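These notes are about the structure you will find just below.
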Amino acid sequence: QVQLVESGGGLVQAGGSMRLSCAASVRTVSNYHMGWFRQAPGKEREFVAQISRSGMTYYADSVKGRFTISRDNAKNTVYLQMDSLKPEDTAVYYCAANGKYYSGNYYRSDTYDYWGQGTQVTVSS
């Protein structure tokens, strides 16, 4: 079983920045495709970003150019750097892990095997 623990959420003003962390209880985090999803009130959970086992990164169009996903292999931690935050970024952000060799469709939540409990990000206008 893989356990994921998110941290770094909170309240930030529009235009500000925030960095989320996802600590993974795994031997080698680079053996997993790691993703970030978010769910706003009244909306479906949506894909935000993924870093693959090989280090390839993918982003939702809504966050491309503003968010950056990265990985610290020594710490088994994945980060989501969020810049130029907008009120519509307000959501619970979830970290997810996929241990399969092939990632499948990285933007689909059902391709991930493990999920954290989420961390709230609130962007005030």
Side-chain angles (χ1 to χ4, degrees):
Q1 176 79 323
V2 174
Q3 292 184 320
L4 307 173
V5 180
E6 303 98 333
S7 62
L11 176 65
V12 65
Q13 291 182 323
S17 297
M18 183 174 287
R19 188 178 75 161
L20 305 182
S21 298
C22 174
S25 63
V26 298
R27 188 175 185 88
T28 308
V29 73
S30 61
N31 285 343
Y32 296 83
H33 309 283
M34 302 295 298
W36 286 98
F37 287 74
R38 67 186 183 186
Q39 187 166 22
K43 294 185 177 181
E44 297 180 351
R45 185 172 298 189
E46 65 176 352
F47 169 77
V48 176
Q50 189 208 64
I51 183 166
S52 72
R53 292 175 59 171
S54 67
M56 185 71 67
T57 57
Y58 306 90
Y59 298 93
D61 289 340
S62 59
V63 306
K64 194 172 298 181
R66 299 188 299 121
F67 290 12
T68 304
I69 188 170
S70 62
R71 182 180 66 206
D72 187 331
N73 294 334
K75 296 180 179 179
N76 283 337
T77 299
V78 175
Y79 303 96
L80 184 68
Q81 177 66 43
M82 304 183 293
D83 299 320
S84 301
L85 283 162
K86 304 174 181 179
E88 50 263 45
D89 294 318
T90 295
V92 176
Y93 284 71
Y94 298 91
C95 180
N98 175 7
K100 302 179 181 66
Y101 185 83
Y102 294 107
S103 65
N105 299 120
Y106 60 83
Y107 53 86
R108 290 178 59 92
S109 61
D110 60 6
T111 66
Y112 297 85
D113 304 307
Y114 308 102
W115 293 83
Q117 291 299 304
T119 184
Q120 175 70 231
V121 173
T122 302
V123 184
S124 62
S125 60

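In this text the structure is predicted, and so the values were computed from the model without any measurement. Numbers here simply count residues along the sequence, with the first being 1.
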Original post:
side chain to side chain contact (heavy atoms under 4.5 Å, CB included) between Tyr107 and Tyr58: does it pass, once the steps are laid out?
Top reply: CA-CA 9 Å; Tyr107 53 86; Tyr58 306 90; over 6 Å; no

**OP:** Take His33 and Tyr106, measure what side chain to side chain contact (heavy atoms under 4.5 Å, CB included) needs, and give me the verdict at the end.
**Re:** CA-CA 8 Å; His33 309 283; Tyr106 60 83; over 6 Å; no

**OP:** Start with the C-alpha gap between Val63 and Met82, add the side-chain angles, then the distance that decides, and say whether side chain to side chain contact (heavy atoms under 4.5 Å, CB included) holds.
**Re:** CA-CA 9 Å; Val63 306; Met82 304 183 293; over 6 Å; no

**OP:** Could you check Tyr79 against Cys22 for side chain to side chain contact (heavy atoms under 4.5 Å, CB included), going step by step and ending with a plain yes or no?
**Re:** CA-CA 6 Å; Tyr79 303 96; Cys22 174; over 6 Å; no

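The side-chain hydrogen bond (donor to acceptor under 3.5 Å, both in side chains) search around Tyr93 returns Arg38, not counting sequence neighbours. The side-chain hydrogen bond (donor to acceptor under 3.5 Å, both in side chains) test applied to Arg45 returns no partner, not counting sequence neighbours. For the salt bridge (charged side-chain N to carboxylate O under 4.0 Å, His left out) test, residues two or more places apart in sequence or in another chain that qualify with Lys100 are Asp113. Contacts of Asp83 classified as salt bridge (charged side-chain N to carboxylate O under 4.0 Å, His left out), with partners at least two apart in sequence or in another chain: none. Residues satisfying the ring pair (Phe, Tyr, Trp, His ring centres under 6.0 Å) criterion with Tyr32, sequence neighbours excluded, are absent altogether. Remark: Arg19 pairs with no residue by the salt bridge (charged side-chain N to carboxylate O under 4.0 Å, His left out) rule, at least two apart or across chains.
Hydrophobic cluster membership differs between Met18 and Phe37, with clusters built from Ile, Leu, Val, Met, Phe, Trp and Tyr side chains linked at under 4.5 angstrom. Tyr112 and Ile51 fall into different hydrophobic clusters, where Ile, Leu, Val, Met, Phe, Trp and Tyr residues are linked whenever their side-chain heavy atoms come under 4.5 Å apart, directly or through other members. Taking hydrophobic clusters as Ile, Leu, Val, Met, Phe, Trp and Tyr residues chained together by side-chain heavy-atom distances below 4.5 Å, Trp36 does not share a cluster with Val92. At a threshold of 4.5 Å between side-chain heavy atoms, the hydrophobic network of Ile, Leu, Val, Met, Phe, Trp and Tyr places Val12 and Leu20 in one connected group. Under the 4.5 Å side-chain heavy-atom criterion for grouping Ile, Leu, Val, Met, Phe, Trp and Tyr, Met56 is not connected to Leu80 through any hydrophobic cluster.
For the pair Lys64 and Asp61, the tightest heavy-atom approach, listed with the atom from each and the gap, is NZ-OD1, 3.3 Å. Closest of all the heavy-atom pairs between Lys43 and Gln39 is O-NE2, 3.2 Å. Among all heavy-atom pairs drawn from Arg66 and Ser84, the shortest one is NH1-O, 3.0 Å. Closest heavy-atom contact between Cys95 and Met34: SG-CE, 3.8 Å. When all heavy atoms of Thr57 and Ile69 are compared, the closest pair comes out as CG2-CG2, 3.7 Å. Between Leu4 and Ala97, the shortest heavy-atom contact is CD1-N, 3.7 Å.
Of the possible donor and acceptor atoms, none in the side chain of Gln13 sits under 3.5 Å from a partner among the backbone N and O of Ser124. Distance alone, capped at 3.5 Å, is enough to place a donor-acceptor pair between the Asn76 side chain and the Val29 backbone. Between the Gln117 side chain and the Val5 main chain, no donor and acceptor come within less than 3.5 Å of each other. Side chain of Thr90 to backbone of Val123: a donor-acceptor contact under 3.5 angstrom is found. Put simply, the side chain of Arg53 never gets that close to the backbone of Asn98: no donor and acceptor are under 3.5 Å apart.
Note that OG1 of Thr111 and CD of Gln50 are 7.0 Å apart. Values are rounded to the nearest 0.5 Å.
Side-chain atoms of Thr28 and Asn73, non-hydrogen and from C-beta on, never get closer than 4.5 Å to each other. With contacts defined as side-chain heavy-atom distances shorter than 4.5 Å, the pair Val26/Asn31 does not qualify. Side-chain contact between Ser70 and Gln81 is absent, with no heavy-atom pair separated by less than 4.5 Å.
Atom CD of Gln120 is surrounded by more than 12 heavy atoms from other residues, nucleotides or ligands within 6.0 Å. The environment of Gln3 atom CD is sparse: at most 12 non-hydrogen atoms of other residues, nucleotides or ligands sit within 6.0 angstrom.
Under the 6.0 Å cut-off for aromatic ring centres, Phe67 and Tyr59 do not qualify, their centroids lying 6.0 Å or more apart.
With respect to Asp89 and Lys86, no salt bridge is recorded, no charged nitrogen being found less than 4.0 Å from a carboxylate O.
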